[in-house]
Amino acid sequence: MESGKVVGFVGLDQLSLNMASSLISHGYALQAFEISDPTIEELLKLGGTRCSSPCEAGRDVAALVVLISHVDQIKDLIFGDEGVLKALKSDTVLILRSTILPSALHKLEKDLAEIHEIAYIVDAYVSQGSSDAMNGKVIIASSGRPDAIARARPLLSAMCEKLFTFDGEIGGASKVKMVTELLEAIHFIASVEALSLGTRAGIHPWIIYDIISNAAGNSWVFKNNVPLLLKGEVKHHILKSLVKELEIILDMAKLLTFPLPLLAATHQQLIQGVSVSTVCCEDDDDGTALIKVWESIYGVKFSDAANADAYSPEKLASEITADSKSVRRVGFIGLGAMGFGMATHLLSSNFSVVGYDVYKPTLIRFANAGGLIGNSPEEVGKDVDVLIIMVTNEAQAESALYGEYGAVSVLPPGASVILSSTVSPAYVSQLERRLHNEGKNLKLVDAPVSGGVKRASLGTLTIMASGSNAALKDAGLVLAALSEKLYVIKDGCGSGSGIKMVNQLLAGVHIASAAEAMAFAARLGLNTRTLFDYITISGGTSWMFENRVPHMLDNDYTPYSALDIFVKDLGIVTRESSSWKVPLHLSATAHQLYLSGSAAGWGRQDDAGVVKVYETLTGVRVEGKPQALKKDVVLHSLPPEWPQDPLPDIKRLNEISSKVLIVLDDDPTGTQTVHDIEVLTEWSIESLNEQFRKSPKCFFILTNSRSLSSEKEADAAVSVLGEMDAWIICPFFLQGGRYTIEDIHYVADSDILLPAGDTEFAKDAAFGYKSSNLRNWVEEKTDGRIPASAVESISIQLLRKGGPDAVCQQLCNLKKAELKKKRFLSRTAASFVSSRIGIISKPPILPKDLGIARERNGGLIVVGSYVPKTTKQVEELKLHCGQFLRSIEVSVEKLVMQPIEEREEEISKTAQLADVYLKAHKDTLILTSRNLITGKTASESLDINFKVSSALVEIVKRITTKPRYILAKGGITSSDLATKALGVKCAKIVGQALAGIPLWQLGTESRHPGVPYIVFPGNVGDSRALAEVVRSWTRPTRLSSTKDILNNAEKGGYAVGAFNVYNLEGVEAVVSAAEEEQSPAILQIHPGALKQGGIPLVACCISAAEQASVPITVHFDHGTSKQDLVEALELGFSSVMVDGSHLSFNENASYTKFISSVAHSKDILVEAELGRLSGTEDDLTVEEYEAKLTDANLAQKFIDETGIDALAVCIGNVHGKYPASGPKLRLDLLKELHALSLKKGVFLVLHGASGLSKELIKECINLGVRKFNVNTEVRKAYMDSLITPKSDLVHVMASAKDAMKAVVAEKIHLFGSAGRA
């Protein structure tokens, strides 16, 4: 067999044989050296080969596993004459199974690497899993340099069921072993202390075991070792080895100056055990049961107690509740987090409940939930059958019962009190006597609870009850309603609190030990999150470790159970231990840690906050999240990109391949990097055949499969396509700022790379996740079906250094692997698709690129995404685009939580309002209210999402106006709107509106064929991205300048009409005629009109120009004073006419030059007049003798001196009416001026166009006139329309508008500008 498939072993034990068996099942051959014949025989049975020396075992192997139990073995096994170095190749992976100290491993690694050039060395801590799923299966913790781990990972994975790797220096595996042993030892002594206290309190040891092994105080050590201990099957000789193991850990802590108070207390207990065993077992040949040692130390006869008659607390509970009395009315004092849930659950179980709490808002909440309320414990205690006390401590219980307005005085005869607070057994016993002495036959049930707030509200608590049979029968139905597990403990009232005390002892120690272990791990340099995953399936785990350490890793101390509760509960433990004369060194030490946390001000934080005691003392951080990184620093630290451009090869392979790439996309956002490709939203046989007939290189199918979980979605594809050789996960997405480095997936936020698991997207109620490491993400999303150790990784170093060939060697290169007949299912981000088919990106698409720049209706923006990024983007959108954007907020509460009538009203109102805005040419934003409503489960959250999304679909369905464009924000929103609201079956991906933001053009079958559809993902872009897209797609507020209009006229050989307007009717007439004729036009205001109409007239013109669907500009005509012109320049005119025709040439030139300089600084066109027209316009009259024609020679000088853009010529034209003999235009002069204008780049303007014949107009256009001023005929049409009386003013307005509009339309055709917009 080739050496790459051979693994060698030096030293074998049972775990080695398990590893060997796993390797053989993966196709590896084995060879081993071992001096123990029975062990080597087992290997031979598996199919392995026996070697005569370590040297032979290391010859021609891919990896060599060396078992080292003592540092002295290194010399012989590795460096000896027949040591492994004699045969080991430099590229062989050396796996050191060692229990020696990390420092010894560091030295060994250094010698092997520097002297003997062994490059790939890792250490491995091999053990058996302890969880239900992993019980007895091999698990490995391994550490080493990243390159060594990468090379060893496939081999290590083949040896075990689950692999945990710790990148960094070698020795990490030994450190994992230390932390695990620390926890196991503490849990062992905690179990002994718990048994000691509980047994001394009179509780049967097996009852303690049966209850605790199913409660929060459970640990692997407790569950698996207590039965052996009670049966006498654990012998005392193990104490010495435990002491020795803990000495190694404590020495390491001392070296690191790290306090381990719990382990130190544990160590001292074990030393005392050794001391006692030396005396009491000196004549015993290691056969004395360990329990005898603990009996001597604690003074508790475990054996006698364990051998006493046992009973079933659950069976006893069933018998009592079956015979329980009905309860008419329940009183409940203490409506805190737990109490409120318990009380409201009793209400839902059809009990009549009257409640009291010192916090008045809680009473109001309880009343709203259907409960009755009292204003004091006294009011609650009246006329109840059962009174439940659920307060924080003994003092509060005392106040509720015996304080001022206490309940005891008013309790009816025969009533029962259920005390569910965690109090000391001594207090319970005392309280029972006091109630009995009241002389009213009052009964007490001691019934502490466990399970948390959620289980309290669901009635699934664990309750440990004790009391007289009469008391238990009276309260039995209430206890049964509140519990999933009800235990009835014999031996009288107080036994329930005794069990709870034992549970809290264990739970408190386990939380504190978890804090000590994780803080120590952080100091050792271990990845704490990976370590947590390891310990949860090892012997070091406990219920509290698994529940509380995630809080430490997330640095989240939101109080689920406050730290001060354990100050109280362990205080009860230490007080009772003193009373019973039972020494509890470990529990007392844990109590001091909680006291330290409370003294530091963390008492009201979560009890997991006890880890802060260690963090504060030592400066370590347990938080296990991958850290945010500086983007530039990280990217610059990477190797340079692979130097060869792969696109030519990709294109060549695509050209010779007949295959079509089909992309199954769970929502429309995946089309983020492609262009000129179609996407199907339905996949009938006909539509698929149609696509294949087109022979595309690629097309998308929108599956809308987000309702499926990640693994089910891929499984669905496999069920159709058949089994794959591998799945490729490639979430890299450059345009969206997604990077994968060292298996951690990051999301770029400005210049920071955030681990994906820490982003807002990871907290999504339906699609959220915790893991940033993609290996762990796969395991998380498959619920462990695909373990992280089974995930192969292609590092960015390999991609950039080795290129395609190196990737192909790991069977993950799509191109070459396909040629080798491998089949892959690729689960990728959008960047993969464009790379796969060789698409080169192009700039963002703008409205002009699709020919819709002048569409008039408003654009429709629909926002359904709830991620915080979207909310920030919406805020920026309103801030930067609010002046032209109309917003409609849809109430999610009405859509989801209120009756169907309110939902319908909200949908209808929104659709109607949107229609109005869109028709009014306003871009319209429809967004769901930002108060996020989620369900209790992922499926409930999906249902809420569906209700919101379906409402948005219905709103868009009811909007009748065709939007200029549609933008849908969020994956689900964009999918549902496209398929359900717009009826899209096939759309063309034309490109991107912005990097990472797809832009489709809707198909002919849709409701709005050809309309651009912008698919804006919820997780793309910075905070201003949405505003940037909307701003670029909104209809420009000024489509053209006067210069643009005249430039186009010059190029097209036509002229544009400049029509004087005086009021709204005139403005409407010009704009309406221009839109109908698809012509540019100029709204022109004379100083006389400005004097009467003022700024409102200018604003009216500018607004009309901005809203028009054709190029319209606003011109100030005949400005005869600097004051008027400068003011006009500030009012928003597109162009101005400087009229210095009444001045001398030099004065005119100087005046015009001044205005030109000011106007040009604002990019405003300047028209001026040389010569002077006769006639009257707006009460300004120029007599015929004052008129002057334009001098062509002076015109050149005038243009050069003033820098004007347009010249109003005087060639015999007049203002107002021409004489009866008709106009006499000097066309020869016009021809001369046209030649000059072409030379100087100046437009020619002709005033006085009213009354000119069609022929003269055509000739003037041919001779270069590009702007005709029209006033007299339009004004006459207005005046004539007033002659005929009208019944209403609106009729006057309509008649005037129609009359003027007809004249304007006629002139537009005459000037040749119709159809030129």
Side-chain angles (χ1 to χ4, degrees), residues 8-16 19 32-36 39 51 53-55 57-58 63-88 92-127 140-145 148-149 152 156 166 168-182 184-185 238 240-256 258 260 263 267 520-521 523-526:
F9 283 81
V10 174
L12 293 173
D13 58 9
Q14 186 55 51
L15 285 173
S16 302
M19 295 160 66
F33 168 75
E34 169 58 47
I35 59 175
S36 170
T39 310
C51 297
S53 67
C55 174
L64 181 65
V65 183
V66 182
L67 180 60
I68 303 174
S69 56
H70 194 277
V71 69
D72 293 339
Q73 293 178 295
I74 293 175
K75 183 177 180 181
D76 291 333
L77 294 180
I78 296 179
F79 298 106
D81 293 338
E82 293 186 331
V84 299
L85 276 180
K86 297 295 183 182
L88 214 59
T92 300
V93 177
L94 183 58
I95 301 171
L96 302 174
R97 269 195 66 198
S98 168
T99 56
I100 63 177
L101 288 173
S103 57
L105 288 172
H106 295 163
K107 183 179 185 306
L108 176 58
E109 180 191 36
K110 183 178 181 182
D111 291 343
L112 289 171
E114 295 181 0
I115 301 173
H116 303 282
E117 298 183 348
I118 304 299
Y120 304 111
I121 308 168
V122 299
D123 71 333
Y125 172 43
V126 183
S127 61
I140 296 178
S142 182
S143 67
R145 296 192 317 275
I149 286 291
L156 291 167
F166 295 82
E169 62 183 10
I170 198 169
S174 295
K175 295 172 183 177
V176 171
K177 180 175 181 287
M178 286 184 182
V179 177
T180 306
E181 289 176 345
L182 176 152
E184 290 175 349
I238 70 163
K240 292 182 180 179
S241 60
L242 285 174
V243 168
K244 186 176 180 181
E245 289 171 358
L246 298 197
E247 284 174 354
I248 294 172
I249 302 171
L250 289 167
D251 284 345
M252 174 64 80
K254 183 178 179 181
L255 185 67
L256 298 173
F258 194 94
L260 298 176
L263 189 67
H267 187 234
F520 185 46
R523 182 65 182 87
L524 290 169
L526 294 173

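These numbers were taken from a predicted model, which means no experiment stands behind them.
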Response to the item:
CG of Leu105 to OG of Ser98, rounded to nearest 0.5 Å, is 4.5 Å
Worksheet entry | Any Pro102 side-chain heavy atom under 4.5 Å of Met178 side chain | yes
Worksheet item: Is it the case that more than 12 heavy atoms not belonging to Gln73 sit under 6.0 Å from its CD atom?
Response: yes
Worksheet item: Of all residues at least two apart in sequence or in a different chain, which pass the side-chain hydrogen bond (donor to acceptor under 3.5 Å, both in side chains) check with Glu109?
Response: Arg145
Fill in: Residues forming a side-chain hydrogen bond (donor to acceptor under 3.5 Å, both in side chains) with Ser103, sequence neighbours excluded
none
Worksheet entry | side-chain hydrogen bond (donor to acceptor under 3.5 Å, both in side chains) against Glu34, all qualifying residues, sequence neighbours excluded | none
Give every donor-acceptor pair under 3.5 Å between a side-chain atom in residues 168-176 and any protein atom, sequence neighbours left out.
from	atom 1	to	atom 2	distance (Å)
Ser174	OG	Ile100	O	3.3
Lys175	NZ	Leu524	O	3.0

Discussion item. Ser127: which residues meet the side-chain hydrogen bond (donor to acceptor under 3.5 Å, both in side chains) condition with it, sequence neighbours left out?
Written reply: Tyr534
Discussion item. Closer than 4.0 angstrom, basic N to acidic O: yes or no for Glu181 and Lys177?
Written reply: yes
Worksheet entry | Contact list for residues 92-105, test salt bridge (charged side-chain N to carboxylate O under 4.0 Å, His left out), sequence neighbours left out | Asp13-Arg97
Practice prompt. Report yes if some heavy atom in the side chain of Phe79 is under 4.5 Å from a heavy atom in the side chain of Leu112; otherwise report no.
Written response: yes
Practice prompt. Hey, could you give me the CG/CG distance between Leu77 and Leu85, rounded to the nearest 0.5 Å?
Written response: 11.0 Å
